[in-house]
A.B. asks: 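Let me give you the structure first, and then I'll get to my questions.
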Amino acid sequence: MLKTFDEVCALIGQGNWLHIAGTEALLKKLPRGKWIGGSTEYFMSDKGGVVTGEQLFVDEFPFIGCKVADYDENTIENVTKDAFDNGFSVVILPFDSSVHIAYSKGAASFEGMFLKNIVGWVAGLNLSAEGQTPVAVNGLTGQSYPDRAVVLHIPLPEDKLVNIGIINIFEPKEGSPVITFEDEGFSVKTCRIDGREVVLADYLAEHNINTNLPLIGDYSGAGVNVSIKQIADGVVNLYAPVFQGIRYHFAAEISDYAGEFKTRLEQFNGHRYTFSCNCILNFLYGGLEGKTIDTFFGPITFGEVAYQLVNQTLVYVEIL
């Protein structure tokens, strides 16, 4: 939950493992202890969507035997090797860093990726403030990293299991053409639409495609969003990479963004979740500041991790 700086300091002193989200400045001032953290000023709290640089969001993990590790772009593939067989790992990746890009492009091919429970988020900043740097913080050492991932590996008792879930309010638009890419990455110029090569930026403009909506990749029936960041000089820049061999579609329009979230979340009311995060694009496009979304509270993020990187998605962890 959202807490004051002094309340978080007191929690650190109690000795439980913590996951903390807040501004770079507040995270750097916290005492060393059993925690990891990432930068953001956007949150979903029990009072609704909040933008604040004065409070921090905290999740407590009352488990023993946890370990913290940090990784750069050359070692991030080891995150799955270091993860516990029965447990889960919370990954924090600084936005637009080399390790963020490496994870985004390579996670699906990491050894044992879909046999371990890997969740997390991309640390960001206040979009209206200057002079900020997205960071991940190792609370044990006090080190703040703009270019390394920090991960809390959490083991669970033998009688406990992990369920990682995602809530994606988007569905492919009926009649959407099939979009494929020959060039992989975060920036694309051309693609094939129903087999015909086109300049994607031109196609989006000519067909009046709403770029607040993501492309949806078809991963054996599961929809994985790739959000559009901006279009510049005929190049479409994305918040996650596109891949060869994946069939993408345009997303269907949503008339009531916040209302759709509420409807989707009704089935989860009354459940308790150990961790959750939600995308900054959902927060902004859905106008969630000041609006209450029940059950799922946590940082608003610049990308979400549910095994691989996802966009415009709510990610949660449930202990069974």
A.B. asks: Do Ile20 and Leu30 make a side-chain contact, defined as non-hydrogen atoms from C-beta onward lying under 4.5 Å apart?
C.D. replies: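 Counting from C-beta outward, Ile20 and Leu30 do come under 4.5 Å.
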
A.B. asks: Considering only residues two or more places apart or on different chains, which pairs with a residue in residues 110-133 satisfy salt bridge (charged side-chain N to carboxylate O under 4.0 Å, His left out)?
C.D. replies: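 Counting only pairs at least two positions apart or across chains, the salt bridge (charged side-chain N to carboxylate O under 4.0 Å, His left out) contacts touching residues 110-133 are Asp85-Lys116.
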
A.B. asks: So that I can tick it off, tell me whether Glu289 and Lys47 are bridged by a salt bridge, with the cut-off set at under 4.0 angstrom between side-chain N and carboxylate O.
C.D. replies: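 Salt bridge flag = no for Glu289 with Lys47.
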
A.B. asks: Report yes if the side chains of Tyr239 and Asn225 come closer than 4.5 Å at any heavy-atom pair, otherwise no.
C.D. replies: no

A.B. asks: Can a donor-acceptor pair be found, under 3.5 Å and without considering hydrogens, that links the side chain of Thr313 to the backbone of Val310?
C.D. replies: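 Checked: no pair found.
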
A.B. asks: Is any side-chain heavy atom of Val68 closer than 4.5 Å to one of Val150?
C.D. replies: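 Result yes, sub-4.5 Å side-chain heavy-atom pair found.
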
A.B. asks: If only side-chain N and O atoms count, and only distance matters, is there a donor-acceptor pair under 3.5 Å linking Asp82 with Tyr71?
C.D. replies: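 Per modelled atom types, Tyr71 and Asp82 side chains form a pair under 3.5 Å.
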
A.B. asks: For the atom pair OG (Ser144) and CG (Asn138), what is the distance rounded to the nearest 0.5 Å?
C.D. replies: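 It is 10.5 Å, given to the nearest 0.5 Å.
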
A.B. asks: Under the 6.0 Å and 45° cation-pi test, does Lys67 pair with Phe84?
C.D. replies: yes

A.B. asks: Run the salt bridge (Lys or Arg N to Asp or Glu O under 4.0 Å) check on Glu171 and Arg264 step by step: do they pass?
C.D. replies: CA-CA 13 Å; Glu171 296 179 353; Arg264 294 288 184 98; 3.7 Å; yes

A.B. asks: Salt-bridge test for Lys105 and Glu184: reply yes if a basic N is under 4.0 Å from a carboxylate O, no otherwise.
C.D. replies: no

A.B. asks: Within the structure provided, determine whether His249 and Leu215 are in side-chain contact (heavy-atom separation under 4.5 Å).
C.D. replies: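 A side-chain contact is absent here, since even the closest heavy-atom pair is not under 4.5 Å.
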
A.B. asks: Give a yes or no on whether the ring-centroid distance for Phe61 and Phe88 is below 6.0 angstrom.
C.D. replies: yes

A.B. asks: Whether the Glu304 and Gln312 side chains hold a donor-acceptor pair (N or O, under 3.5 Å, no angle test) is what I'd like checked.
C.D. replies: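 Per modelled atom types, Glu304 and Gln312 side chains form no pair under 3.5 Å.
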
A.B. asks: So which atom in Ile12 and which in Gly33 form the shortest heavy-atom distance, rounded to 0.1 Å?
C.D. replies: CG2-CA, 3.9 Å

A.B. asks: Over all heavy atoms of both residues, which pair between Ala83 and Ser89 is shortest? Give the atoms and the distance, please.
C.D. replies: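 Minimum heavy-atom contact is CB-OG, 3.4 Å.
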
A.B. asks: Report yes or no: do Glu260 and Thr263 form a side-chain donor-acceptor pair below 3.5 Å?
C.D. replies: no

A.B. asks: Donor-acceptor check, side chain of Thr274 to backbone of Glu318, threshold 3.5 angstrom: yes or no?
C.D. replies: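 Checked: no pair found.
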
A.B. asks: Which atoms form the tightest heavy-atom contact between Asn311 and Gly303, and what is the distance?
C.D. replies: ND2-CA, 4.3 Å

A.B. asks: With a 4.5 Å limit on heavy-atom distance, are the side chains of Val91 and Val119 in contact?
C.D. replies: no

A.B. asks: Ignoring hydrogens and angles, state whether a donor on the side chain of Thr75 or Asn78 is under 3.5 Å from an acceptor on the partner side chain.
C.D. replies: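 No, because no side-chain N or O of Thr75 sits under 3.5 Å from a partner of the opposite role on Asn78.
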
A.B. asks: Would you check if the side chain of Asn16 reaches a backbone N or O of Pro62 as a donor-acceptor pair within less than 3.5 Å?
C.D. replies: no

A.B. asks: Return yes if some donor-acceptor pair links the side-chain N/O of Arg247 with the main-chain N/O of Val178 below 3.5 Å, else return no.
C.D. replies: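 No, the answer is negative, given that no donor and acceptor are paired below the 3.5 Å cut-off.
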
A.B. asks: Please work out whether the ring planes of Phe114 and Tyr307 are parallel, tilted or perpendicular, with thresholds of 30° and 60°.
C.D. replies: tilted

A.B. asks: Has Glu158 got more than 12 heavy atoms of other residues, nucleotides or ligands less than 6.0 Å from its CD?
C.D. replies: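 It does not: Glu158 CD has 12 such atoms or fewer within range.
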
A.B. asks: Should the ring pair Tyr273 and Tyr316 be called parallel, tilted or perpendicular, given that the plane angle runs from 0 to 90° and is split at 30 and 60?
C.D. replies: perpendicular

A.B. asks: Check whether any side-chain heavy atom of Asp72 lies under 4.5 Å from a side-chain heavy atom of Asp147, and answer yes or no.
C.D. replies: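 A side-chain contact under 4.5 Å is absent here.
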
A.B. asks: Just by distance, do the side chain of Ser39 and the backbone of Gly22 share a donor-acceptor pair under 3.5 Å?
C.D. replies: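 Side chain of Ser39 to backbone of Gly22, a donor-acceptor pair under 3.5 Å: no, none is there.
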
A.B. asks: Is the ring pair Phe268/Phe296 parallel, tilted or perpendicular, if the boundaries are 30 and 60 degrees?
C.D. replies: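 The rings of Phe268 and Phe296 stand perpendicular, inter-plane angle above 60°.
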
A.B. asks: For the pair Asn212 (side chain) and Tyr285 (backbone), establish whether a donor and an acceptor sit closer than 3.5 Å, ignoring hydrogens and angles.
C.D. replies: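 Looks like no, no N/O pair under 3.5 Å.
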
A.B. asks: Within the 4.5 Å heavy-atom criterion, are Pro299 and His19 side-chain neighbours or not?
C.D. replies: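 Result yes, sub-4.5 Å side-chain heavy-atom pair found.
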
A.B. asks: With a 4.5 Å limit on heavy-atom distance, are the side chains of Ile36 and Val137 in contact?
C.D. replies: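 No, every pair of side-chain atoms sits at 4.5 Å or beyond.
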
A.B. asks: For the residue pair Phe110 and Tyr103, is the inter-centroid distance of their aromatic rings smaller than 6.0 Å?
C.D. replies: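 So the answer is yes for these two rings.
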
A.B. asks: Start with the C-alpha gap between Phe170 and Tyr257, add the side-chain angles, then the distance that decides, and say whether ring-ring contact (aromatic ring centres under 6.0 Å, His included) holds.
C.D. replies: CA-CA 10 Å; Phe170 296 99; Tyr257 210 119; 5.8 Å; yes

